[in-house]
Amino acid sequence: MKYPFLDLAKVNEPYFDELSEAAVRVVRSGRYIGGAENEAFEQCLADLTGAPYIIGVSNGLDALRLILRAYVQLGVFEKGDEVIYPANTFIATVLAISDAGLVPVAVDIDEKTMNIDTSLIEAAVTERTRAIMPVHLYGRVAWDSELVALASKYNLRIIEDCAQALGARTLAKGLHDSPFAGALGDAAAVSFYPTKNVGALGDAGAVLTHDPQLARTVRALANYGSESRYNNIYCGYNCRLDPIQAAMLRVKLPHLAEENADRFEKALVYNRSVRRVDVVLPEISREVNDQVWHQYVVRVTGGKRDAFRTALEKAGVGSEIHYAVPPHLQPCYRGLAHGQLPVTEKLASEIVSLPIARGTSVEDAAEISRIINELDF
Ligand SMILES: *Cc1c(COP(=O)(O)O)cnc(C)c1O
């Protein structure tokens, strides 16, 4: 494949020397759980986002699970309470909700932003609704004043799934002072899965919050439910961040803005160059940086998405689908009640993600656009 969808070795190539040095530093330190690497990583993420409390954890799913479990532990949520989430998301969003004994309630998405359609949220609110979990999907911030107003009206927590949008910001007011995704709501989960805009060299994640009590509970839950050795306050987990990954992330996090800018350049090239009536391009919003292009997702109309992908692959261009089957249609959620989700279900059959990560150059994006314009499918 001349233009693979993603080449992770190329993603990390610019950092090869620094990553190697950081790995050696950890090996020599003798400290393989917790410690200074983790503390420095957490400080770095606090500085980047403006969220005052950061807890490095094992991965993004665990970050979400820990937030929800902590709210249950603190008596803010009870088992059986409902959490509203966008129907178009990665399965982890929903797994975290059901894992905490809460009920996931899907709300359909907006066709343009492909994020939760805020205007549909109120109809999904019941007596048992306790939280909204916006997902900044594909790197685009899902946040507006209506969301904030609804949360305040019904006393709902806002928990951001920020796995795809680290570094994105919004002009709409958050609950706190920071304009950055991950620091807008009550708490947020970030993932450093290797394919994310800033990825570890393995699994890693973080919880971000402005709430010291929540932070303390999450940290304890992630460490066997204990704050001090052999004293278990909660029935917790082992969801700690490995110092070796903290060290890798300390190398890469300072380059977050560059990484996001690099993706934006390619998104612009695609948006300016691809010209086909049967390929609908994503909107580039006017708000600066409110989309960090974790994925560049086009829609192929007329039931020809799969033919498009096959032809594209024949022409040497890799692509992916994020996500082909929405969570509410997965076998594991058979039996879970949900309303009509027509936009999500339609888009699931139309969406295609094009190469946008490092390893795909601006020139490659121009050439891929030319290939798409001439593609016969
Ligand atoms: C990647 C991702 C997660 C989960 O993160 P992991 O680190 O892979 O567990 C959760 N939500 C969304 C939207 C994601 O893209």
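Each ligand, and each atom within it, is numbered from 1 in the order the structure gives. These values consider heavy atoms only, across backbone and side chains, with no hydrogens, waters or symmetry-generated copies. All of these numbers come straight from a predicted model, not from anything done at the bench.
- For the pair T89 and ligand 1, the shortest N or O to N or O distance does not fall below 3.5 Å.
- A distance below 6.0 Å separates the ring centres of H255 and Y15.
- Inclusion of S191 in the set of residues having an N or O under 3.5 Å from an N or O of ligand 1 is warranted.
- Under the side chain to side chain contact (heavy atoms under 4.5 Å, CB included) test applied with V298, the options V279, I351, I372, V280 reduce to a single match, V279.
- Residue L61 places at least one N or O, backbone or side chain, under 3.5 Å from an N or O of ligand 1.
- Aromatic pair F192/F41: ring centres closer than 6.0 Å.
- Taking atom 14 (C) of ligand 1 as the reference point, the nearest protein heavy-atom neighbour is K196 NZ, 3.1 Å.
- Listed by atom number, the atoms of ligand 1 under 4.0 Å from V135 heavy atoms are 13 (C).
- Contact atoms of ligand 1 toward A92: 3 (C), 4 (C), 10 (C) (distance under 4.0 Å to a heavy atom of the residue).
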Steps toward side chain to side chain donor-acceptor pair (under 3.5 Å) verdict (T170, D290): CA-CA 5 Å; T170 175; D290 88 330; 5.7 Å; no
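- Applying the 4.0 Å criterion to heavy atoms of Q164 picks out, from ligand 1, the atoms 13 (C), 14 (C), 15 (O).
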Please test Y138 against Q291 for side chain to side chain donor-acceptor pair (under 3.5 Å), starting from the C-alpha separation and ending with a verdict. CA-CA 8 Å; Y138 311 141; Q291 161 62 295; over 6 Å; no
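- Listed by number with element, the atoms of ligand 1 under 4.0 Å from a non-hydrogen atom of N59 are 7 (O), 9 (O).
- For ligand 1 and A163, the ligand atoms under 4.0 Å from any heavy atom of the residue are 2 (C), 3 (C), 10 (C), 11 (N), 12 (C), 14 (C), 15 (O).
- Residue H294 does not touch ligand 1, judged by heavy-atom distances below 4.0 Å.
- Ranking protein heavy atoms by distance to atom 11 (N) of ligand 1, first place goes to D161 OD2, 2.8 Å.
- No side-chain donor-acceptor contact under 3.5 Å links N38 and E42.
- Remark: the R69 side chain and the Y237 side chain contain an N/O donor-acceptor pair separated by less than 3.5 Å.
- No side-chain N or O of N88 forms a donor-acceptor pair with one of Y323 less than 3.5 Å apart.
- Between G60 and ligand 1, an N or O atom pair is found at a separation short of 3.5 Å.
- Side chains of R140 and E283 form a contact here, defined as non-hydrogen atoms less than 4.5 Å apart.
- When heavy-atom distances to ligand 1 are checked against a 4.0 Å cut-off, D203 has no atom that comes that close, whether in backbone or side chain.
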